[in-house]
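Let me begin by presenting the structure, written as structure tokens, before commenting on it.
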Amino acid sequence: MKLSTMTRRDLLRAAGAATLVAACAPAAQTGASAKPAGPTGTLTFLWGGDTDKLDPPAMTTQEGFIATTAIYEGLVRYKANSTDVEPALAERWDVSSAGLAYTFHLKSGVKFHDGTPLTAEAVAFTFDRSINKDNPLFKEAQSAGGFPFIDDYIGNVVAKVEATGPLDVRFTLRRKFSPLLSNLAIPPAYVISMDALKKFGSKINENPVGTGPFKFTEWKKDDHITVENFDGYWGQRAKLQKVIFQPVPEASVRALKIQRGEADIAWPFDPKDAPSLKGKADTDVLEQAGLNVNMAEFNLKKPQFQNKSLRQALNYAINKQELAEKLYSGAGVAAVGALPPTSWGFDSTLKGYPYDPEKAKSLLKDAGYTGDTITLDSYTIPRGYNPQGAKLAEAIQQYFQAVGVKSEIKTTEWTEYRKIRRQGQLNIAFGGWQADTGDPENFLGVFFYSKNQGGVNTSFYGTPEVDKLLEQANEETDVPKRKALFNQAERKIVDDAPWLFISHMKQQVAIRKRVQGFVLQPTYIYYFNNVSVS
């Protein structure tokens, strides 16, 4: 446990005003010559911390999502710089008139990295392993941590997946579910070699075998993941020979490595370093409005946080605009709810909790707060939705202190933090979300639907009213009607205040100009098929 001794003003000034160390001379660039016919070059991608897994349905980190997207593929995928779904391993699909059966027709001639063919049987085998709790491979996976989020995305609505022909696979749903195609475009739904699963079981995590443009070479924990060009890829062959994913915990060091030419792409990095990288001779910053949320969740299993007036008071105590402008150097947007302004479900009439310390004090009195110490549980590493890591908890502590609330900060290593948060062991737990899909369900459903408690829903929130609205929204296909239902649900959620609603961040990536073809994705799941280096 650590307690901050800095004032809030000092903390925000220090976080926002530091400058990046001057860059050393950049690495030499190759001359302008004709590109060879085959793949060439190595791209080094930096992130803040290593992934926990490389088994698609078992992963809980964005880093894992990025790495496995080079190795694996799903039935569908997202278009470049879009949340629109397009075919991938499936060339087309049919939906039954009742909306309860989706039949996917697979591309022919696709092979996994181990040389085995993609078949409907292999697809069904992948999904049965992750959603059928009677499957021996499902049971085996539980001893290695299981599939924490698979029910949130697929298992709660998909009853079974079965081959109906050599290249035809049918998903049978328990109820209509409009976001299904979007959910099948993300890593938990990637297709794994059936032969490899039979051979390795839960050890597929260390031996990933997919159909993607790159095949797995090596994973040295907390040092690097390496993937190499797959010459048997069914589509247009990737341009890079190799991609190396490397964890570098310090944001300033990641930015400096980009300046020095020691790496090609860094995500995330501290927004205060953007001026030192953007529009320079050899470096630049790619950015767009972010489809994300930065928050802290109340553990509603604990009696202390079952007091709605207390939760509302603590929301009013936070100056979200000050955090967005100073802690995040202008790269943040103050949150009014869970959905970011970039979501098509965003409710522009929602007011949220503007900074009002006097109202916070009044609500604290109504709540009967008597001066008990509140624990703020924080992670340490930077995230795309919070590149300042534990500094956010220190700033929140200062806001609480200003309205008379005592708090202590407890920090936990990132992997352990996620594990014990799902187990309901934390108090006010900082966290966030970078959208996996463009559907509002991917925020409101995964976080606030009662059946997802202990998965993504780690505030353990759930009410019959919100559950019904979310179910109606997911059964509806008319977008304006879905938006109205999501808006009703979010207004109820915000009033209940299961979170501290804090901010949304720009998506920012630092990049060397020698990199061509790298495209930002709203879902932060980057594709490397068309990327090259000069």
Side-chain angles (χ1 to χ4, degrees), residues 38-39 51 53-59 64-77 86-93 104-132 135-138 140-141 147 150 154 161-171 184-219 225-238 240-243 245 525 527-529:
T51 181
K53 299 285 180 67
L54 288 176
D55 180 356
M59 297 180 303
F65 277 30
I66 294 170
T68 53
T69 298
I71 303 168
Y72 287 104
E73 295 171 302
L75 297 171
V76 295
R77 64 186 169 211
E86 67 179 5
L89 295 179
E91 60 184 8
R92 58 186 176 87
W93 53 89
F104 293 88
H105 308 285
L106 305 180
K107 288 182 169 69
S108 62
V110 177
K111 291 189 179 297
F112 290 99
H113 300 154
D114 58 7
T116 59
L118 173 73
T119 62
E121 182 186 10
V123 173
F125 194 90
T126 285
F127 284 97
D128 194 73
R129 177 220 182 200
S130 62
I131 67 173
N132 179 4
N135 187 313
L137 289 178
F138 180 96
E140 177 187 342
F147 309 126
I150 196 68
I154 300 168
V161 182
E162 57 191 336
T164 57
L167 294 176
D168 302 316
V169 59
R170 182 170 62 210
F171 286 63
L184 290 177
I186 62 178
Y190 285 168
V191 179
I192 306 171
S193 161
M194 179 170 63
D195 281 25
L197 278 173
K198 289 179 178 178
K199 178 179 179 180
F200 296 114
S202 63
K203 292 187 182 300
I204 195 73
N205 184 60
E206 294 83 28
N207 302 275
V209 182
T211 62
F214 296 89
K215 60 183 179 181
F216 173 77
T217 301
E218 183 180 43
W219 180 17
I225 297 168
T226 302
V227 297
E228 293 190 355
N229 192 286
F230 175 44
D231 60 7
Y233 184 59
W234 60 269
Q236 182 176 341
R237 192 172 179 183
L240 292 167
Q241 180 58 41
K242 185 182 298 185
V243 181
F245 301 99
I525 303 171
Y527 300 121
F528 297 92
N529 306 50

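Computation of the quantities below employed the complete heavy-atom set of this structure, encompassing side-chain atoms and omitting hydrogens, waters and symmetry-equivalent molecules.
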Going by the side-chain hydrogen bond (donor to acceptor under 3.5 Å, both in side chains) test, name the single residue among Lys215, Gln241, Arg237 that passes it with Asn229.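 The single option meeting the side-chain hydrogen bond (donor to acceptor under 3.5 Å, both in side chains) with Asn229 is Arg237.
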Among Thr69, Thr68, Asp55, which residue meets the side-chain hydrogen bond (donor to acceptor under 3.5 Å, both in side chains) test with Tyr190?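 Result: among Thr69, Thr68, Asp55, Thr69 is the only option passing the side-chain hydrogen bond (donor to acceptor under 3.5 Å, both in side chains) with Tyr190.
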Could you give me the CA-CA distance, side-chain angles and deciding distance for Phe138 and Ile131, then say whether side-chain contact (heavy atoms from CB on, under 4.5 Å) is met? CA-CA 8 Å; Phe138 180 96; Ile131 67 173; over 6 Å; no
Minimum side-chain heavy-atom gap [X]-[Y] below 4.5 Å:
| X | Y | value |
| --- | --- | --- |
| Leu118 | Trp234 | no |
| Lys198 | Phe125 | yes |
| Val110 | Pro117 | no |
| Phe171 | Phe127 | yes |
| Phe65 | Met59 | yes |
| Leu184 | Ile154 | yes |
| Pro208 | Phe216 | yes |
| Ile225 | Leu54 | yes |

Please report the closest heavy-atom contact between [X] and [Y], naming both atoms and the distance.
| X | Y | value |
| --- | --- | --- |
| Pro57 | Ser130 | CB-CB, 4.1 Å |
| Ser202 | Ala141 | CB-CA, 4.3 Å |
| Leu137 | Gly201 | CD2-CA, 4.0 Å |

Residues Asn205, Trp219; criterion side-chain contact (heavy atoms from CB on, under 4.5 Å); working and verdict: CA-CA 10 Å; Asn205 184 60; Trp219 180 17; 3.7 Å; yes
For Phe245 together with Phe528, are the ring centres under 6.0 Å from each other?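 Here the rings of Phe245 and Phe528 have centres that are less than 6.0 Å from each other.
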If you measure from [atom1] on [X] to [atom2] on [Y], what distance do you get to the nearest 0.5 Å?
| X | Y | atom1 | atom2 | answer |
| --- | --- | --- | --- | --- |
| Arg129 | Asn135 | CZ | CG | 8.5 Å |
| Thr211 | Phe230 | OG1 | CZ | 8.5 Å |
| Ile204 | Ser193 | CD1 | OG | 6.5 Å |

Is His113 reaching over with its side chain to a backbone N or O of Tyr72, donor-acceptor style, under 3.5 angstrom?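 Checked: no pair found.
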State which residues pass side chain to side chain contact (heavy atoms under 4.5 Å, CB included) with Lys203; sequence neighbours excluded, sorted by chain then number.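 Side chain to side chain contact (heavy atoms under 4.5 Å, CB included) list for Lys203, sorted by chain: Phe200, Glu206, Asn207.
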Indicate whether the side chain of Thr226 and that of Glu218 have a donor and an acceptor atom separated by less than 3.5 Å.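 Judged by distance alone, the side chains do not pair up.
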Residue pair Asp114 / Thr116, side-chain donor-acceptor N/O under 3.5 Å: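 The criterion, which ignores hydrogens and geometry beyond distance, is satisfied for Thr116 and Asp114.
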Taking Glu91 first and then Lys107, would you say they form a salt bridge - that is, a charged N and a carboxylate O separated by under 4.0 Å?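 Salt bridge: no.
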Report, as yes or no, whether the 6.0 Å neighbourhood of atom NZ on Lys242 holds more than 12 heavy atoms from other residues, nucleotides or ligands.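 Open: at most 12 neighbouring heavy atoms sit under 6.0 Å from NZ of Lys242.
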Quick check on Glu162: does its CD atom have over 12 non-hydrogen neighbours (other residues, nucleotides or ligands) under 6.0 Å away?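 Yes, enclosed.
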Report the C-alpha distance between Val123 and Leu106 in whole Å, list the side-chain angles of each, state the deciding distance to 0.1 Å, and finish with yes or no for side-chain contact (heavy atoms from CB on, under 4.5 Å). CA-CA 9 Å; Val123 173; Leu106 305 180; 3.9 Å; yes
Between Phe104 and Trp93, how do the two ring planes meet: parallel, tilted or perpendicular, split at 30° and 60°?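 Tilted: the ring planes of Phe104 and Trp93 meet at 30° to 60°.
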